[in-house]
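Computed from a predicted model, the values in this text were never measured in an experiment.
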Amino acid sequence: MANNNKVLQTVVEIAGSTSPTLGNAVSKAVKMLGNVNVAAVAASAAGVAAVVGIAKAAVKATKELVNLGTEFDNVSDTIRIGTGATGEALDALMDDFDAVYGSVPTTMDNAATAIANYNTMLGLTGEDLQNISRQAIQVADLLGDDLEGVIESSSHAFQQWNIDAEDMGDAMDFVFKASQSTGVGFSKLMENVQTYGPQLRDMGYSFEEATTLIGQLEKQGVNTTEVLAAMKKGVTTLANEGIGAADGLQMYIDAIVNAKDETNATAIAAEIFGTRAASTMSSAIRDGTLDIEALTATLQENGETITQCAEDTYDFTERLQIFKQRAQIALEPLANTLFDTLNDLMPIVADLMDALLPVISEMVEMLTPLIEDVVTEIAPLLSELLKPLVQIAKSLLTKIIPPLVKIITAVLPVIIELVDAIALVLEPVFDLLGAVLPIIAELLSAVMSIVSKILAKVLPIVEQILSLVMPILTSIRNQLGAVMKHTTNWAATA
């Protein structure tokens with residue numbers, strides 16, 4: 001403690017020698033410090049540090065919640081814009097979004113896109129909407145397909161084949177299995193099933209059989225367009241003869257399979273499919289490419305589903321992602337409340353800005369002429385300052401160049417004869433110093449007088465500006481205080 005007192009006494013003495021007023025102030029402060037309980041101060045400091053840490057964490061958490069509320073608001077906007085739903089209908093779709101987002105590892109954008117697009121294209125809601133949205137997200141992730149492509153192609157295919165809402169999930173699973181079996185992309189299969197749907201239905205194919213047929217054709221490298229066009233032509237030929245498409249096609253298929261050779265088979269194929277596609281159709285039928293009943297049955301019996309396959313392949317990272325998404329959904333009400341609260345405060349902030357803008361404008365109007373006066377006063381002084389500087393610079397150049405030339409002249413021989421050059425180098429250096437020092441003294445004398453004049457002009461203007469600005473700043477502070485008090489009272493009663 002004695003050492004501390006000596007240190008404090010030294011501080012007082014140094015302050016007193018600097019300024020009596022400062023010395024008195026420091027002396028009073030030292031006496032006050034002498035009565036302070038250092039342990040209590042340390043404890044208080046630790047407490048303050050803890051409070052500050054808690055406050056920082058609270059601010060960060062609030063910021064994160066506001067950001068989360070913004071993301072959920074973007075989701076609501078996406079669904080609102082994509083579907084046109086409002087009120088209770090929009091709330092129901094947001095519930096569907098929560099169900100999907102909380103069950104598969106994905107992004108908010110993907111989940112919102114699936115909900116909005118399937119609702120718009122197929123009119124689905126509730127569990128039907130949730131299930132097919134979940135499947136689309138999972139199959140896009142599993143097979144690397146584009147999500148929007150999966151949604152669009154499946155929606156069009158289901159519309160083309162009049163698939164009921166309760167059967168769409170099974171249809172998605174069947175196309176997924178066909179894609180796995182044949183190696184054809186999910187979206188591509190769906191697109192072709194939709195494109196060739198009318199003629200395949202006319203031929204008596206079911207949705208599953210059509211999917212299997214197209215998958216097989218693509219797998220075998222057969223020109224799908226050519227084959228299906230030929231089959232369509234065959235259906236037309238059968239119809240003209242009054243024969244049903246399914247029965248007639250099977251009759252010709254049997255005949256081609258049982259033909260004694262390829263030539264005979266091609267001839268039979270030409271009768272129904274035309275000469276152009278006869279060879280292709282004959283080969284596809286004889287090698288079993290069009291024999292899809294067995295494969296269709298196998299796929300139907302296969303218990304594989306998109307959801308089960310996805311869940312079987314989820315690793316730790318994906319399961320952790322689902323956990324985080326569920327935590328976000330749990331925090332959604334609080335995040336939305338904070339987001340809405342900030343939106344409600346914006347009109348108050350706008351009113352404050354409306355109140356401050358005239359004050360700011362008035363301050364600018366008052367400061368502008370003062371600034372112009374300062375520039376007007378300083379400009380001549382700066383011009384006056386530049387004149388001697390230019391003159392001194394010219395004088396420096398005039399007096400420095402000859403000694404420099406002399407130095408260079410003296411130094412060059414030194415490079416050749418170092419010993420003899422020492423005296424030659426010192427002499428011009430002394431000449432240079434003798435020439436420069438009077439010039440520097442003259443420069444300082446000229447500059448200081450001009451700087452003093454500038455300060456004498458500027459300081460009164462600065463004082464005048466401060467006297468004008470301080471009442472305005474005080475008014476702004478008072479208005480901000482009133483707004484903060486209003487906001488605090490509003491938050492307490494909210």
Side-chain angles (χ1 to χ4, degrees), residues 71-72 74-76 78-80 82-83 85 89-159 161 163-180 185-187 189-190 193 207 211 299 302-330 332:
E71 292 181 21
F72 278 114
N74 291 337
V75 167
S76 179
T78 298
I79 296 175
R80 167 72 177 82
T83 64
L90 179 59
D91 292 340
L93 290 176
M94 285 299 296
D95 291 340
D96 293 333
F97 164 83
D98 288 345
V100 172
Y101 186 63
S103 60
V104 292
T106 187
T107 64
M108 286 190 178
D109 286 342
N110 283 346
T113 296
I115 292 294
N117 290 1
Y118 274 128
N119 174 262
T120 301
M121 294 181 178
L122 299 177
L124 299 177
T125 57
E127 290 188 8
D128 291 333
L129 176 59
Q130 296 169 22
N131 291 337
I132 195 172
S133 297
R134 189 180 297 110
Q135 286 177 302
I137 293 170
Q138 290 173 324
V139 80
D141 182 56
L142 287 169
L143 301 180
D145 277 12
D146 174 65
L147 176 60
E148 293 196 19
V150 169
I151 295 170
E152 183 176 359
S153 62
S154 59
S155 296
H156 291 162
F158 294 157
Q159 289 172 327
W161 287 84
I163 305 296
D164 293 332
E166 60 268 20
D167 297 327
M168 289 180 183
D170 292 338
M172 291 279 284
D173 287 333
F174 187 88
V175 176
F176 174 65
K177 290 183 286 188
S179 176
Q180 288 178 312
F186 183 93
S187 295
L189 264 179
M190 281 288 194
V193 169
F207 177 85
T211 302
L299 294 177
N302 185 352
E304 175 81 301
T305 65
I306 295 172
T307 299
Q308 187 60 52
C309 181
E311 291 179 354
D312 288 344
T313 58
Y314 286 162
D315 56 20
F316 172 79
T317 301
E318 289 165 319
R319 295 189 185 280
L320 179 61
Q321 179 64 28
I322 294 175
F323 174 80
K324 290 180 179 179
Q325 291 170 201
R326 289 177 179 173
Q328 288 177 324
I329 292 171
E332 181 179 358

Considering only heavy atoms from C-beta outward, does the side chain of [X] approach that of [Y] to under 4.5 Å?
X    : Y    : value
F186 : M190 : yes
N119 : L93  : yes
E152 : N117 : no

Spacing of [atom1] belonging to [X] relative to [atom2] belonging to [Y], to within rounding of 0.5 Å:
X    : Y    : atom1 : atom2 : result
F174 : L299 : CZ    : CG    : 4.5 Å
D128 : D164 : CG    : CG    : 10.0 Å
M108 : F72  : CE    : CZ    : 4.0 Å
D146 : S153 : CG    : OG    : 9.5 Å
F97  : E332 : CZ    : CD    : 7.5 Å
D109 : N74  : CG    : CG    : 8.0 Å

With distance as the sole test, does [X] use its side chain to make a donor-acceptor pair with the main-chain N or O of [Y] at under 3.5 Å?
X    : Y    : result
D145 : S187 : yes
Q159 : M121 : yes
T120 : G82  : yes

Nearest heavy atoms of [X] and [Y], plus distance in Å:
X    : Y    : value
I137 : V100 : CD1-CG1, 3.8 Å
L142 : I306 : CD1-O, 3.9 Å
L122 : S155 : CD2-O, 3.7 Å
M172 : S154 : SD-CB, 3.9 Å
L124 : A165 : CD2-CB, 3.6 Å
I79  : L90  : CG2-CD1, 3.9 Å

Taking side-chain hydrogen bond (donor to acceptor under 3.5 Å, both in side chains) as the definition, give me every residue that meets it alongside [X], ordered by chain and number, with sequence neighbours left out.
X    : answer
T107 : N110
Q180 : E304
D315 : none
E71  : none

Listing request: all side-chain hydrogen bond (donor to acceptor under 3.5 Å, both in side chains) pairs with a residue in [range], at least two apart in sequence or in separate chains.
range            : result
residues 131-143 : S103-R134, N131-R134, Q135-D173, Q138-T307, Q138-Y314
residues 320-329 : Y101-Q328, Q321-Q325
residues 90-99   : D96-Q130

Checklist entry - Does any pair with a residue in residues 140-159 pass ring pair (Phe, Tyr, Trp, His ring centres under 6.0 Å), and if so which ones, sequence neighbours excluded? => result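 Ring pair (Phe, Tyr, Trp, His ring centres under 6.0 Å) check on residues 140-159 returns no pairs.
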
Checklist entry - Is the number of heavy atoms from other residues, nucleotides or ligands under 6.0 Å of E318 CD greater than 12? => result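 Enclosed.
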
Checklist entry - When you look at CD of E127, are more than 12 heavy atoms from neighbouring residues, nucleotides or ligands closer to it than 6.0 Å? => result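 Not buried by this count: 12 neighbours or fewer within 6.0 Å.
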
Item to check | Which residues share a ring-ring contact (aromatic ring centres under 6.0 Å, His included) with F207, sequence neighbours left out | outcome: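 With sequence neighbours excluded, F207 shows a ring-ring contact (aromatic ring centres under 6.0 Å, His included) to W161, given in chain and number order.
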
Next on the checklist: Can you list everything that forms a side-chain contact (heavy atoms from CB on, under 4.5 Å) with T78? Sequence neighbours excluded, please.
Outcome noted: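 So T78 forms a side-chain contact (heavy atoms from CB on, under 4.5 Å) with A112.
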
